Amino acid sequence: MRRTRPRTPSLCQLEEEVARDLTTRLAEWLERGGARIGQIAIARLARGFELRHVDDLACDELRTSSSPEDARALANFDDDGHFRPLKTAPNLAHGWHLLVADMAGLRLALDYFYPAMLGVRLSHLCGELVPVPLRATLGRQTGMYRVTQRITDSQADELIGRFCRSDGGCLKKILWRIADTVPIRSLPAEKFTASSAGDDWPLLCHEACNLLVAEARKVVKS
Amino acid sequence: MIAKPDSALIIVGHGSTVNPDSSLPTFEHTEELRRRELFGEVHCAFWKEEPSLRQVLHSVDCDDVYVVPNFISEGYFTRTVIPRELELTGPMTTRDGRVIKYCEPAGSHPRMTELLLHRAAAIAPGVPPEETTLFIVGHGTDLNDNSAVAAKREVERIRVRGPYAEVLNAYMEEEPRIARWHELAAQPNVIVVPFFISDGLHSYEDIPVLLGIADESPGAASAHSRDVFARNPYRVRGRNLFYASAIGTEPLFVEVILDQIAAFDAAHAPENTVLVPA
């Protein structure tokens with residue numbers, strides 16, 4: 001059964017009750033001129049869609065891939081062949097284009113390039129995305145990451161400014177704070193703006209990722 | 001045959017920030033189950049990679065969701081980390097109009113015994129089991145205690161089935177150590193199956209070095225790492241040695257995932273709740 005639920009009136013940006021059918025929502029976004037997600041440009045073809053790196057828009061000689069599953073390998077390594085554990089890092093490899101036959105294939109490919117970013121954005125539109133402060137994320141850690149709870153606010157701010165910055169760190173927009181009353185001051189205001197240009201599907205971060213938690217452990221242990 | 005067009009399946013793996021092969025079996029099992037079209041949706045999620053356990057439910061359209069940990073045994077991750085990160089309250093969690101059904105880890109299912117036998121036979125075709133020692137190799141530290149228990153359980157089950165002359169546990173870092181395989185094994189043929197969910201440095205390099213079929217290399221696993229599984233049999237210390245990739249890479253692993261879902265349904269069927277002895 002598909003999920004259909006009343007929106008949260010104060011938060012939802014859609015007009016009607018929202019069905020959680022991601023494929024339909026993706027199609028509607030494309031109809032309205034959606035053409036870009038992260039470092040990927042999406043072009044509508046006579047049949048299906050073409051995806052390529054935004055830097056390769058004028059490039060004629062690209063390796064062709066034609067299965068949505070190929071996106072996994074394309075997303076896995078940067079131009080130097082290094083593994084990309086963080087798929088929203090601004091280091092997507094160049095030199096390829098991917099052809100997908102239909103909307104389901106497009107959704108699948110985009111979920112490999114930017115895992116969960118379609119769904120997280122839809123939840124945000126529906127008012128269902130609850131940002132989690134860093135203190136809450138660290139507070140529930142156990143085992144080797146429990147020690148991260150000792151990071152100070154200023155250490156955390158410095159770390160976030162270094163690790164999450166859009167130029168070299170992560171392209172996601174940050175929706176959470178260090179604590180309810182402690183904002184992040186080390187990054188520019190646009191890093192916290194969930195809205196975007198009309199043709200851009202924003203990449204949203206509602207909670208610190210495990211990579212940042214692991215970095216916090218290094219800070220505390222140093 | 002399971003058919004659940006109104007349900008979603010999430011396969012949860014550990015993942016790694018340095019080794020892409022860690023998540024590979026989870027991705028491959030996910031893709032195979034998508035191809036079979038048994039579920040309305042099939043997703044995967046990871047502790048160390050993306051989508052994370054905190055993100056994945058936002059990608060799910062269905063209200064009925066099965067979660068199967070792609071782990072070799074029960075342990076810290078299946079009992080603590082996954083339930084905590086998915087905010088589960090028990091085997092069956094109802095939240096926001098959605099039911100999340102948390103299954104046992106794939107590696108805990110009794111069918112694992114069949115998979116190990118299948119893998120052993122597949123890498124040593126025509127080799128008589130009655131002249132063969134089969135090793136199930138685990139990591140063997142306190143951190144992985146549950147997987148060591150699971151490996152011992154599988155060895156006992158295979159012994160009961162009886163095809164192999166010897167079935168032995170061995171570990172990388174505790175006794176009986178796989179480095180002493182030639183002392184432990186009495187048979188002319190030796191099959192070694194790593195009891196891991198995915199391949200990585202342990203199966204590509206560490207165990208081969210301990211077996212004496214590879215030299216220590218200073219670098220990380222390379223694109224040629226899988227070659228170590230393609231050179232069977234190794235003629236070493238007077239035996240024919242056959243070395244398998246991690247059991248979690250076995251394509252039949254998807255059957256175990258489906259089995260765990262069936263087992264969950266059987267254990268939580270409504271009729272079970274009324275069949276309580278008086």
Side-chain angles (χ1 to χ4, degrees), chain A residues 1-6 19-25 67-69 72-73 75-77 81-89 104 107-108 110-124 126 128-129 132 137 140-145 204-211 213-215, chain B residues 4-8 10 14-24 26-28 30-32 34-35 40-65 75-77 79-81 83-85 87 96-99 143 220-223:
Chain A
M1 181 171 296
R2 299 289 169 184
R3 304 173 71 206
T4 305
R5 68 189 53 166
R20 276 208 67 99
D21 183 334
L22 251 178
T23 307
T24 301
R25 298 298 149 196
S67 162
E69 285 82 9
R72 176 159 57 83
N76 239 7
F77 301 97
H82 296 125
F83 179 47
R84 299 174 68 236
L86 182 64
K87 297 297 182 279
T88 45
R107 175 181 169 181
L108 191 55
L110 291 177
D111 243 350
Y112 281 122
F113 282 118
Y114 293 115
M117 288 294 97
L118 297 179
V120 166
R121 167 63 168 166
L122 179 58
S123 289
H124 187 248
C126 296
E128 296 176 352
L129 192 67
V132 180
T137 304
R140 70 165 193 272
Q141 300 301 314
T142 54
M144 66 184 284
Y145 295 116
L204 302 180
C205 179
H206 68 289
E207 182 166 3
C209 65
N210 185 274
L211 280 83
V213 173
E215 288 299 311
Chain B
K4 294 179 177 290
D6 293 327
S7 301
I10 302 173
H14 187 282
S16 164
T17 57
V18 294
N19 171 25
D21 285 334
S22 172
S23 56
L24 184 61
T26 302
F27 277 115
E28 289 181 339
T30 301
E31 288 166 9
E32 171 59 21
R34 276 190 194 131
R35 276 191 287 274
E41 309 165 58
V42 185
H43 302 271
C44 54
F46 301 95
W47 170 234
K48 288 289 208 175
E49 291 181 47
E50 299 169 297
S52 73
L53 292 159
R54 304 294 289 176
Q55 295 171 322
V56 67
L57 284 169
H58 294 287
S59 297
V60 176
D61 291 334
C62 296
D63 281 338
D64 190 56
V65 184
Y76 173 62
F77 285 99
R79 290 181 186 147
T80 302
V81 176
R84 182 189 76 209
E85 297 294 293
E87 300 179 39
D96 300 332
R98 179 180 258 169
V99 178
L143 277 175
S222 73

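A quick note: this is a predicted structure, and the numbers were derived from the prediction, not measured. Lettering of chains follows the sequences in order, A, B, ..., and the numbering in each one begins at 1.
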Heavy-atom contact with chain A under 4.5 Å, split by part of B:Ser16: backbone
Any side-chain heavy-atom pair of B:Phe46 and A:Asn210 under 4.5 Å: no
Is the shortest heavy-atom distance from the side chain of A:Glu128 to the side chain of B:Asp96 under 4.5 Å? no
Non-hydrogen atoms of chain B under 4.5 Å away: do they reach the side chain of A:Tyr112, the backbone, both or neither? side chain
Under-4.0 Å salt bridge between A:Arg72 and B:Glu31: yes
With a 4.5 angstrom heavy-atom cut-off, is it the side chain or the backbone of A:His82 that approaches chain B, or both, or neither? neither
Please enumerate all residues that pass side-chain hydrogen bond (donor to acceptor under 3.5 Å, both in side chains) together with A:Arg140, with sequence neighbours excluded. A:Glu207, B:Glu85
What is the minimum heavy-atom distance between B:Arg54 and A:Val132, and which atoms define it? NH2-CG2, 4.1 Å
Hey, what do you get for CD (B:Glu49) to SG (A:Cys209), rounding to the nearest 0.5 Å? 12.0 Å
Heavy-atom pair of closest approach, residues B:Thr17 and A:Pro85: O-CG, 3.4 Å
Say you draw a straight line from NE2 of A:His206 to CD of B:Gln55; how long is it, rounded to the nearest 0.5 Å? 6.5 Å
Let me confirm one number: the CZ-OG distance from A:Phe83 to B:Ser22, rounded to the nearest 0.5 Å. 8.0 Å
Using the salt bridge (charged side-chain N to carboxylate O under 4.0 Å, His left out) rule, take B:Asp61 and A:Arg107 through it: C-alpha gap first, then chi angles, then the decisive distance, then the call. CA-CA 13 Å; B:Asp61 291 334; A:Arg107 175 181 169 181; 3.1 Å; yes
Segment of B:Ser52 engaging chain A (4.5 angstrom heavy-atom cut-off): neither
Under 4.5 Å from any heavy atom of chain B, what part of A:Leu108 do you find: side chain, backbone, both or neither? side chain
Atom group of A:Val213 that falls short of 4.5 Å from chain B, counting heavy atoms: neither
Residues two or more places apart in sequence or in another chain: which of them pass ring pair (Phe, Tyr, Trp, His ring centres under 6.0 Å) with A:Tyr145? none
Do you know which of B:Ala8, B:Pro20, B:Pro51 has the most heavy-atom pairs under 4.5 Å to chain A? B:Pro20
Does any part of the side chain of A:Thr88, heavy atoms only, come nearer than 4.5 Å to the side chain of B:Glu50, both counted from C-beta? yes
Just so I know, are the side chains of A:Glu69 and B:Glu28 near enough to count as touching, which here means a heavy-atom distance under 4.5 Å? no
